[in-house]
Amino acid sequence: LPDDPPEDVAWKLLAVNLSDLAAKGAQPLGCLLGYTLGRDDGWNARFVAGLGKALDRFAIPLLGGDSVGAPGPRVLGLTAIGAAGENVPDRRGAKPGDDLWVAGTVGDAGLGLALLRAGEAAPEALVAAYRRPVPLVAAGRALAARVAAMADVSDGLLIDAARIAAASGLAVTVDLAAVPLSDAAKSFGTDRSARLKAATAGDDYALVFAAPVSRRAILATLLEPFGVSIARIGRFDAGSGLGLVDGADTVPLPGALGYEHGA
């Protein structure tokens, strides 16, 4: 948003790129920054201070990049560089019968954005989820060797799950009743409408992944050391497309599954 604090802009710029590394189970090594200098020196200073704190928080160095002076809107770009492990789960590895899981919760950032647009700044947890997401880097590294396919939930749970299914040449069914919500999000509702909004809002930076049924027991405990919740929300089958249910009820697909780049 135009009035977002510069410190939060810096944090989010780094965090969303680290989330891409988390989805590949990669260890962050460093980052490069492309920065447009504006005429507001105070904004620049606050951005730099915020970026420094974010780099410290995630223990990643700024390796270099470029800064330019230009009139008009700022353009900020960051590239995060990571080292892959032995297994790099992409979107193509799901198999028929695999479970669909999500690590983390969804919907907080969407609610936070709606609150800010309405001129409200509470609950703070929801606003923070939008402005200062926390990438699940350690969780991604722990999961990478155990999952068949994985992505981060940046554009929306439904659209990102559908992308895994499409890349794997499969159909996927998502159960809205199993979509995990935080306590803060639950205070705004837990019915079908609320869960559908959560599943399409995006900006969550949770991890959505496919895993064989045989790994259910280990997945239930794998992320406990990191304090990250995990939920089985559906399954992959032969075929194509996205199916949506709410418990025993079949649910029509919404007009938009999530954020469409360029739409």
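Computation of the quantities below employed the complete heavy-atom set of this structure, encompassing side-chain atoms and omitting hydrogens, waters and symmetry-equivalent molecules. The first residue in the sequence is number 1, and the count goes up from there.
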Exercise. Would you indicate whether the side-chain heavy atoms of L62 and L33 approach each other to under 4.5 Å?
Key: yes
Quiz item: When rounded to the nearest 0.5 angstrom, what distance separates CG in D152 from CG in L136?
Solution: 9.0 Å
Quiz item: In Å and rounded to the nearest 0.5 Å, what is the CD to CD1 distance from Q27 to I60?
Solution: 9.0 Å
Exercise. Identify the two heavy atoms, one from L51 and one from A10, that lie closest to each other, and give their separation to 0.1 Å.
Key: N-CB, 3.5 Å
Self-check item: Linked, directly or transitively: L257 and V208 (ILVMFWY side chains, under 4.5 Å)
Solution: yes
Quiz prompt | Short side-chain to backbone donor-acceptor contact, T221 and I218, under 3.5 Å | solution = yes
Quiz item: Do L13 and L21 sit in the same hydrophobic cluster, where Ile, Leu, Val, Met, Phe, Trp and Tyr count as joined when their side-chain heavy atoms come under 4.5 Å apart?
Solution: yes
Quiz prompt | Atom CD of E124: over 12 foreign heavy atoms under 6.0 Å | solution = no
Quiz item: Would a distance-only check, ignoring hydrogens and angles, find a side-chain to backbone donor-acceptor pair under 3.5 Å from D191 to A194?
Solution: yes
Quiz item: If you round to the nearest 0.5 Å, how far is CG of D8 from CZ of R46?
Solution: 8.5 Å
Quiz item: Is there a donor-acceptor pair closer than 3.5 Å between any side-chain N or O of D204 and the backbone N or O of A206?
Solution: no
Quiz prompt | Euclidean distance, L37 CG relative to D40 CG, rounded to 0.5 Å | solution = 11.5 Å
Practice problem: Check the surroundings of atom CZ in R92: do more than 12 heavy atoms from other residues, nucleotides or ligands lie under 6.0 Å from it? | Solution: no
Quiz item: What's in the same ILVMFWY side-chain cluster as V127, cut-off under 4.5 Å, chained through other members?
Solution: L1, L113, L116, Y130
Quiz prompt | Nearest heavy atoms of L244 and P254, plus distance in Å | solution = CD2-CD, 4.1 Å
Quiz item: Is the backbone of L181 close enough, under 3.5 Å, to the side chain of T105 for a donor and an acceptor to pair up by distance?
Solution: no
Self-check item: Atom of P5, atom of R131 and distance for their closest heavy-atom approach
Solution: CD-CZ, 3.5 Å
Quiz item: Should I164 and F236 count as side-chain neighbours, where that means a heavy-atom distance under 4.5 Å?
Solution: yes
Quiz item: Do any N or O atoms from the side chain of D175 and from the backbone of G247 form a donor-acceptor pair under 3.5 angstrom?
Solution: yes
Quiz item: Which pair of non-hydrogen atoms, one from L143 and one from F209, has the smallest distance, and what is that distance?
Solution: CD1-CE2, 3.7 Å
Practice problem: Nearest 0.5 Å please: distance from the CG atom of N87 over to the CE atom of M150. | Solution: 8.5 Å
Quiz item: Any side-chain heavy atom of P123 within less than 4.5 Å of one from L115?
Solution: yes
Quiz item: Can we say D98 and R235 salt-bridge, meaning some charged N sits less than 4.0 Å from an Asp/Glu carboxylate O?
Solution: no
Quiz item: If you measure from CG on L219 to CG on D99, what distance do you get to the nearest 0.5 Å?
Solution: 8.5 Å
Exercise. Please report the closest heavy-atom contact between A149 and A94, naming both atoms and the distance.
Key: CB-N, 3.8 Å
Quiz item: Counting only N and O atoms by type, is there a donor-acceptor contact under 3.5 Å from the side chain of D249 to the main-chain atoms of V245?
Solution: no
Quiz item: Does a side-chain heavy-atom distance below 4.5 Å link R232 with L100?
Solution: no
Exercise. Indicate yes or no for a side-chain donor-acceptor contact from R91 to the backbone of A151 under 3.5 Å, with no hydrogens or angles considered.
Key: no
Practice problem: May I ask whether L158 and V106 are part of the same hydrophobic cluster, defined by side-chain heavy atoms of I, L, V, M, F, W, Y residues being less than 4.5 angstrom apart, directly or through others? | Solution: yes
Quiz item: Quick one: are V251 and R192 in side-chain contact, heavy atoms under 4.5 Å?
Solution: yes
Quiz item: Do other residues, nucleotides or ligands put more than 12 heavy atoms under 6.0 Å from the CZ atom of R146?
Solution: no
Quiz item: How far apart are the closest heavy atoms of L78 and C31, and which atoms are they?
Solution: CD2-CB, 3.9 Å
Quiz prompt | P180 side chain reached by I233 side chain, heavy atoms, under 4.5 Å | solution = yes
Quiz item: Same cluster for I230 and L157 if Ile/Leu/Val/Met/Phe/Trp/Tyr side chains link at under 4.5 Å?
Solution: no
Practice problem: Determine whether D108 and F188 make a side-chain contact, defined as any pair of heavy atoms from C-beta on separated by less than 4.5 Å. | Solution: no
Exercise. Report yes or no: do V174 and V102 belong to one cluster of Ile/Leu/Val/Met/Phe/Trp/Tyr joined by side chain heavy-atom distances under 4.5 Å?
Key: yes
Quiz item: Can you tell me if T190 uses its side chain to pair, donor with acceptor, with the backbone of K186 under 3.5 Å?
Solution: no
Self-check item: Check: L76 and Y35 side chains under 4.5 Å, non-hydrogen atoms
Solution: yes
Quiz item: Is it true that the side chains of R74 and N44 contain a donor and an acceptor less than 3.5 Å apart?
Solution: yes
Self-check item: ILVMFWY cluster membership beyond I81 - transitive side-chain contacts under 4.5 angstrom
Solution: L32, L63
Exercise. Compute the ring centroids of F58 and W11, then answer whether they are less than 6.0 Å apart.
Key: yes
Self-check item: Residues which pass side chain to side chain donor-acceptor pair (under 3.5 Å) with R163, listed by chain and number, not counting sequence neighbours
Solution: D155, D160
Exercise. Output yes when D203 and K12 qualify as a salt bridge under the 4.0 Å nitrogen-oxygen rule, no when they do not.
Key: yes
Practice problem: Apply side-chain contact (heavy atoms from CB on, under 4.5 Å) to V68 and D66, showing your working. | Solution: CA-CA 7 Å; V68 297; D66 191 25; 3.7 Å; yes
